[in-house]
Protein chains: 2
Amino acid sequence: MIQLNKHTDYGIVILTHFARYNDAPLLSAKNISDATSLSLPMVSKILKQLLKGGLLKSYQGVKGGYQLSRNPDEISIGEIIEVLDGPLALTECTASTQGACKTEHSCSIKPHWAAINRVMRDALIKLPLSSMTSPIPLWSENDSKRNQIQEKTFYPLKIRIGEKNEHD
Amino acid sequence: MIQLNKHTDYGIVILTHFARYNDAPLLSAKNISDATSLSLPMVSKILKQLLKGGLLKSYQGVKGGYQLSRNPDEISIGEIIEVLDGPLALTECTASTQGACKTEHSCSIKPHWAAINRVMRDALIKLPLSSMTSPIPLWSENDSKRNQIQEKTFYPLKIRIGEKNEHD
DNA sequence: TAAAATAGTACTAAAAAGGTACTGTTTTAT
DNA sequence: ATAAAACAGTACCTTTTTAGTACTATTTTA
Ligand code: FES
Ligand code: FES
């Protein structure tokens, strides 16, 4: 299911909380833990990763805590994932990586992997954290069916990327 | 790194092979194994999954083998992933899933997860298998830098989805 | 009837994820 | 000074998932 790991999942929840309380001066790990029902060690660990990744600023001491390093509309979901889970790539085999595959010499699709990775990364890099805090979700009840994962759908595809149109 | 599992990775390689030899009558598991340097049991296992998922047709017996059930431009990379790895969702917690999270009652972003999942799924569903077989990759050497994963990039985002423009 | 192929199931070793514990450092308030 | 509350860093262990293999049965052709 190509699932986000829990850390990343929690990280998005946590940062969404920061985005929602962006007015508040500082939020401590304890604050977040209480608000999200995640264990304190867990929250603490994730906050440290986000700090290291440059998405949060921290202040030590008894009145310390964390805050977003940028505005919520200047942080993307894709960026969060990259900080907590590494590069946004579905395959480690791209044109730029050498020696990742043992079947490399006989593989003819290596140069094409980049397409898959790029398509996916672009999509998530464009989605801002602020989209998680809008009071009314983008997809109302009416629309919810359209946005669910539909397993049995047939997708008629006529797109041929990188090929010239027959009528050219 | 949100990586595809090996089965799915191999599956795309295998189907790309089918797409490239779409003229050939039937390809056996042995054929594929030889062509891809993947072990026969492995190939066999993946072919069965693809069959079950409706992407391949099979014929038994000594002259048997597999072939694509549709044209390569009518099969999407996203669909392949869904067959081999389950629903294309980054989180299992969506508006439609109930009881997936224990912190469900206190979670305010549940309705927003769908945005992340949809953005990602749409991107991959639009990418056809045929894009893996074009002789010259979409991204030439010149372009390769642009398509690599750039870790330190800053992304100025001003997109606010679902919010009205101030000047409206 | 033997050979070559698909069909289906089950098992195991290795790797990754998830979570917790522990120790140290910095700042504030008494 | 000193205690308390917060961040900082590291290491460990358990559980789950992944990856790969093995084995048996069925189908078709020569
Ligand atoms: S998949 Fe890596 S070389 Fe082909
Ligand atoms: S993440 Fe599942 S309920 Fe909030």
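Remember, it's a predicted structure, so these values are computed and weren't measured experimentally. Lettering of chains follows the sequences in order, A, B, ..., and the numbering in each one begins at 1.
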**Student:** To the nearest Å, how far apart are B:Leu51 CG and C:dT9 P?
**Tutor:**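 B:Leu51 atom CG is separated from C:dT9 atom P by 13 Å.
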**Student:** Is there a side-chain polar atom (N or O) of B:Tyr66 under 4.0 Å from OP1 or OP2 of C:dA5?
**Tutor:**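 No, outside the criterion.
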**Student:** Using side-chain heavy atoms (C-beta onward) and a distance below 4.5 Å, is B:Ile2 in contact with A:Met120?
**Tutor:** yes
**Student:** It should be established whether B:Ser44 places a side-chain nitrogen or oxygen under 4.0 Å from OP1 or OP2 of nucleotide C:dA7.
**Tutor:**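 No, no such contact exists.
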**Student:** In whole angstrom, give the distance that lies between atom CG of B:Leu38 and atom P of D:dG20.
**Tutor:**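 Answer to the nearest Å: 9 Å.
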**Student:** Does the side chain of A:Ser28 get closer than 4.0 angstrom to OP1 or OP2 of D:dC7 through an N or O atom?
**Tutor:**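 So the side chain of A:Ser28 is outside the cut-off, no N or O lying under 4.0 Å from OP1 or OP2 of D:dC7.
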**Student:** Assign each of A:Gly61 and B:Gly61 to its nearest nucleotide of DNA chain D by heavy atoms, then name whichever residue's nucleotide is nearer the 5' end.
**Tutor:** A:Gly61
**Student:** Indicate, yes or no, whether a donor-acceptor pair under 3.5 Å links the base of C:dG8 to the side chain of B:Lys48.
**Tutor:**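 In this structure, the two groups form a donor-acceptor pair.
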**Student:** With a cut-off of less than 4.0 Å, is there a side-chain N or O of A:Tyr59 near OP1 or OP2 of C:dT28?
**Tutor:** no
**Student:** Using whole Å, what does the distance between atom C1' of nucleotide C:dA16 and atom CD of B:Gln3 come to?
**Tutor:** 11 Å
**Student:** C:dT20, OP1 or OP2 - any side-chain N/O from A:Ser39 closer than 4.0 Å?
**Tutor:**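 Yes, A:Ser39 has a side-chain N/O under 4.0 Å of OP1/OP2 on C:dT20.
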**Student:** Which sits closer to the 5' end of DNA chain C, A:Asp85 or A:Pro41, going by the nucleotide each is nearest to?
**Tutor:**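 Closer to the 5' end of DNA chain C: A:Asp85.
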**Student:** Rounded to whole Å, please give me the gap between NZ in B:Lys6 and C1' in D:dT18.
**Tutor:** 10 Å
**Student:** Measuring only between side-chain heavy atoms, which start at C-beta, is B:Phe18 closer than 4.5 Å to B:Leu47?
**Tutor:**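 Sidechains of B:Leu47 and B:Phe18: in contact.
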**Student:** Under 4.0 Å between a side-chain nitrogen and a carboxylate oxygen: does that hold for B:Asp34 and B:Lys30?
**Tutor:**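 So B:Asp34 pairs with B:Lys30 through a salt bridge.
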**Student:** In whole angstrom, what separates B:His7's NE2 from D:dT18's P?
**Tutor:**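 Result: 10 Å.
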**Student:** Donor-acceptor pair under 3.5 Å: do we get one between B:Lys45's side chain and the base of D:dG20?
**Tutor:**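 Yes.
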**Student:** Across the strands shown, which category fits A:Leu47 at heavy-atom distances under 4.0 angstrom: base, sugar-phosphate, nothing?
**Tutor:**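 Answer is nothing: A:Leu47 stays at 4.0 Å or more from every strand.
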**Student:** Salt-bridged, B:Arg121 to B:Glu79, with N to O below 4.0 Å?
**Tutor:** no
**Student:** Between A:Lys30 and A:Met1, which is nearer to the 5' end of DNA chain D once each is assigned its nearest nucleotide?
**Tutor:** A:Lys30
**Student:** To the nearest Å, how far apart are B:Asn5 CG and D:dT17 P?
**Tutor:** 13 Å
**Student:** Let's see if you can work this out: which of C:dA3, C:dA7, D:dA5 has an atom nearest to the side-chain heavy atoms of A:Val62?
**Tutor:** D:dA5
**Student:** Given atom NZ of B:Lys57 and atom P of C:dA7, what is their separation to the nearest angstrom?
**Tutor:** 14 Å
**Student:** D:dC7 P sits how many Å from A:Met42 CE, rounded?
**Tutor:** 16 Å
**Student:** Using modelled atom types only, decide if a donor and an acceptor are shared between the side chain of B:Asn22 and the backbone of B:Pro72 within a distance under 3.5 Å.
**Tutor:**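 Answer holds: no.
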